[in-house]
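See below for the structure under consideration.
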Number of protein chains: 2
Amino acid sequence: MSEKITIVEIAKLANVSTATVSRIINNTGKVNNDKRKKVLDLIEQYDYKPNLIAKALQSSKSNTVGFIVPHINSPYYAQLFFETELIAQKQGYTLMLCNSESDKRLESNILNAFISANVRAIVFMGGRLDDVESKKKYLSEIEEVNKKIPVISCVDVPNLGCIQIYQEQQKSSNKLLKHLSEMGYRDVAMLGGYSNVRTTIKRREEILDNAEKYGISIRREIIESDYSVEGGNIAMQEMLKCDKLPQAIICINDLVATGVLSEAYKNNMSIPKDIAIVGYDNLDISQFIYPGITTIACNYKEYSKAIVDAIQNVDAMDYNTKIAVQTDLIVRGTTQLEK
Amino acid sequence: MSEKITIVEIAKLANVSTATVSRIINNTGKVNNDKRKKVLDLIEQYDYKPNLIAKALQSSKSNTVGFIVPHINSPYYAQLFFETELIAQKQGYTLMLCNSESDKRLESNILNAFISANVRAIVFMGGRLDDVESKKKYLSEIEEVNKKIPVISCVDVPNLGCIQIYQEQQKSSNKLLKHLSEMGYRDVAMLGGYSNVRTTIKRREEILDNAEKYGISIRREIIESDYSVEGGNIAMQEMLKCDKLPQAIICINDLVATGVLSEAYKNNMSIPKDIAIVGYDNLDISQFIYPGITTIACNYKEYSKAIVDAIQNVDAMDYNTKIAVQTDLIVRGTTQLEK
DNA sequence: TTGAAAGCGGTACCAC
DNA sequence: GTGGTACCGCTTTCAA
């Protein structure tokens with residue numbers, strides 16, 4: 001390994017002090033033009049790169065942001081992370097991503113790593129924060145962390161003292177119900193997700209609370225499942241045992257919807273004639289899998305922008321800032337026959 | 001924000017030197033038991049966390065590993081990253097993930113960030129390294145980086161002086177051809193991917209070079225596409241314009257295969273009766289989307305393990321170490337009717 | 001404009 | 001066993 005060159009060497013070679021080199025690199029303070037040129041040349045020549053660790057130590061501020069997601073191999077988190085990283089990168093931030101597996105010990109390790117790494121902010125996407133059973137104690141742990149390092153929660157958690165940025169659900173639920181109603185689906189079931197997950201509860205509530213005014217009746221019994229395609233497969237198998245199938249199924253997300261769709265094909269059903277299917281998130285695949293999944297879309301770009309904005313302005317923001325990112329209904333082939 | 005407590009404060013409070021506290025924290029050297037207990041109590045009480053930045057500065061070694069992927073929202077990279085992170089985390093590493101978008105400037109920024117952050121190693125997944133047209137100049141830049149920080153390439157690049165870990169393709173290609181032959185598919189087309197991508201070229205070559213001995217003829221013309229479901233949609237639309245369809249299509253990956261399958265459904269085709277479909281990678285979805293995609297599977301766990309092993313033993317490894325991770329054929333409904 | 005020097009929070013060598 | 005202290009690479013104040 002070749003030795004890394006430091007600011008001291010550059011300074012020596014240029015016959016100036018490290019202070020001057022520092023000024024040149026960071027464009028702070030005035031420096032004689034000849035010296036500037038000489039130093040810049042040397043930097044070029046020796047391919048000098050400032051040691052960000054030293055910089056971070058001295059300024060007690062790094063340009064790193066910590067991300068905790070339950071599973072990055074879930075396309076929803078991947079998409080959101082991806083968009084966020086694109087924006088954050090342009091602002092000079094580097095993101096550290098860790099998978100918590102929603103596991104207490106893992107998450108705790110990650111938090112410590114982030115604190116020790118002096119990250120600018122910690123962004124929490126789902127996981128234990130999304131668990132309605134998470135104890136007061138846990139929430140106050142998060143608040144403790146928030147005292148040292150700004151925490152941004154991507155889940156709407158009541159009474160949690162940190163910045164929260166999450167998806168708006170009400171308007172789009174109404175749009176969805178209106179759409180289903182117009183298409184003539186009156187007997188509708190919900191499927192997938194677990195009843196201890198905040199985001200899931202919220203989605204269900206918005207549907208349940210508003211269905212009546214659109215003349216839609218929602219089946220009381222919800223077949224639960226995890227949030228994967230496989231979950232959709234299994235839940236749909238269960239659903240198919242019903243005496244009378246609903247006219248439409250609202251799935252907890254697009255992956256589950258994909259699984260439901262797939263299982264429907266397996267049983268030679270025609271979509272949406274035999275049954276209509278709806279998802280949430282608007283993953284890439286939802287658009288391209290036949291016949292296209294009708295979905296309540298996450299506005300990934302807006303969401304990511306809000307996150308990065310929060311990271312940048314975190315010091316000026318109130319601990320209890322809540323930001324709801326707009327969502328929208330996207331109608332595709334699983335609810336509406338192509339013309 | 002509450003002030004972070006440092007080793008100096010702990011030392012003062014315990015009436016010992018920082019050296020002693022350091023010894024206790026790191027379990028290096030002997031320390032009187034009373035003092036140890038006192039210090040440990042203080043650490044607990046004040047929730048002291050050593051500043052990893054300072055540690056990294058002083059040891060000129062961090063526990064961070066840099067990952068560069070073209071798109072984390074590609075499920076293949078997401079899956080591989082996920083598995084790697086799980087293992088790496090257990091070994092005490094934190095991974096930094098950046099999306100290069102295969103863009104020269106972005107990638108360059110990322111590399112600088114990684115170098116400045118003093119990462120233990122840099123893992124390259126695809127991207128520009130996978131571009132067969134990447135200039136000698138680019139490769140020697142990578143080798144330059146490799147002199148400062150160990151680089152691990154997940155692409156098999158001839159004449160590149162760094163550790164390389166990639167998927168074995170030959171055996172599984174033969175297995176695939178054997179399977180297709182046994183199922184009676186003689187007229188086979190390849191679809192998807194671009195001809196400037198090393199991994200793609202390799203996959204195609206292995207098929208082309210071995211088809212004959214299994215009595216299979218591969219169509220000369222390859223319809224290209226990007227590596228997404230949409231790419232599969234579009235390529236399949238093109239394919240359907242053929243006078244005579246092939247009996248089977250080998251797609252460049254599972255996403256493309258999903259797109260092809262979807263387009264086939266759209267055209268009321270029956271799979272695999274009308275046409276058989278094969279993919280690569282074995283994504284989660286391939287198993288659960290009806291009727292299940294036959295695929296050449298990446299062994300994610302083994303692959304990830306090899307990567308983490310390399311990170312740990314990088315200093316002892318030869319610059320030119322090449323490791324081929326085994327792949328395997330998984331037969332599903334797109335080539336074989338369910339019994 | 002410029003440089004000397006004091007840290008940032010640890011680690012580790014050396015002396016006691 | 002233990003403490004003093006130089007040092008990791010950089011920024012920033014202060015004085016010149």
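For clarity, every value in this text was computed on a predicted model and none was experimentally measured. Residue numbers begin at 1 in each chain, while the letters A, B, ... track the order of the sequences.
Remark: A/Thr6 is not in phosphate contact with D/dG9, judged by side-chain N or O atoms under 4.0 Å from OP1 or OP2. Applying the 4.0 Å criterion to OP1 and OP2 of C/dG3, one finds that A/Thr20 has a side-chain N or O inside that range. Taking side-chain N and O atoms only, B/Asn26 has a distance below 4.0 Å to OP1 or OP2 of C/dT11. A sub-4.0 Å separation between OP1 or OP2 of D/dG3 and a side-chain N or O of B/Lys35 is present. For D/dT2, the OP1/OP2 oxygens have no side-chain nitrogen or oxygen of B/Lys30 closer than 4.0 Å. Distances shorter than 4.0 Å separate some side-chain N or O of A/Ser22 from OP1 or OP2 on D/dT11.
Whole-Å rounding puts the A/Leu52 CG to D/dC8 C1' distance at 15 Å. Per the geometry, NZ belonging to A/Lys12 stands 20 Å off P belonging to C/dT2, to the nearest Å. When rounded to the nearest whole Å, the span between CD1 of A/Ile7 and C1' of C/dG3 equals 13 Å. Across the protein-nucleic acid pair, B/Asn63 atom CG and C/dT11 atom P stand 12 Å apart, rounded to whole Å. For the pair B/Ile53 CD1 and D/dC8 C1', the interatomic distance rounds to 13 Å; values are reported in whole Å. Summarising the geometry, the separation between NZ on A/Lys4 and P on D/dG9 is reported as 9 Å, rounded to the nearest angstrom. In this structure, B/Lys61 atom NZ and C/dG9 atom P are separated by 25 Å, rounded to whole Å. Between the P atom of C/dA12 and the CG atom of B/Asn27 lies a distance of 13 Å, rounded to the nearest Å.
Between A/Tyr76 and A/Tyr300, the ring-plane angle classifies as tilted under the 30° and 60° cut-offs.
Each of A/Ile5 and A/Arg23 was matched to the nucleotide of DNA chain D holding its nearest heavy atom; the match closer to the 5' end belongs to A/Ile5. With DNA chain C read from its 5' end, the first of the two nearest nucleotides for B/Thr18 and A/Gly29 is the one closest to A/Gly29.
No engagement by B/Ser60 is indicated, since no non-hydrogen atom pair under 4.0 Å with the nucleic acid exists. Using a 4.0 Å heavy-atom criterion, one finds that B/Val21 contacts no nucleic acid atom at all. The residue B/Asn15 sits close only to the backbone: its heavy atoms come under 4.0 Å of sugar-phosphate atoms, none of a base.
Atoms CG and CZ, on A/Leu86 and A/Phe82 in that order, are 4.5 Å from each other to the nearest 0.5 Å.
A donor and an acceptor atom never sit less than 3.5 Å apart when one is taken from the side chain of B/Arg36 and the other from the base of D/dG1. Judged by distance alone, with hydrogens and angles left aside, A/Gln58 brings a side-chain donor or acceptor within reach of the base of C/dG7, the pair sitting under 3.5 Å.
Annotation: A/Lys301, atom NZ; neighbour count of heavy atoms from other residues, nucleotides and ligands within 6.0 Å does not exceed 12.
Between the A/Arg198 side chain and the A/Asp156 main chain, no donor and acceptor come within less than 3.5 Å of each other. In this structure, B/Asp130 contributes its side chain and B/Thr199 its backbone to a donor-acceptor pair below 3.5 Å. With hydrogens and angles ignored, the 3.5 Å screen pairs no side-chain donor or acceptor of A/Thr321 with any backbone N or O of A/Ile163.
The B/Val16 side chain lies nearest to D/dG3 when the options are C/dG9, C/dG3, D/dG3. Closest to the side chain of B/Leu57, out of C/dT11, D/dT2, D/dC8, is D/dC8.
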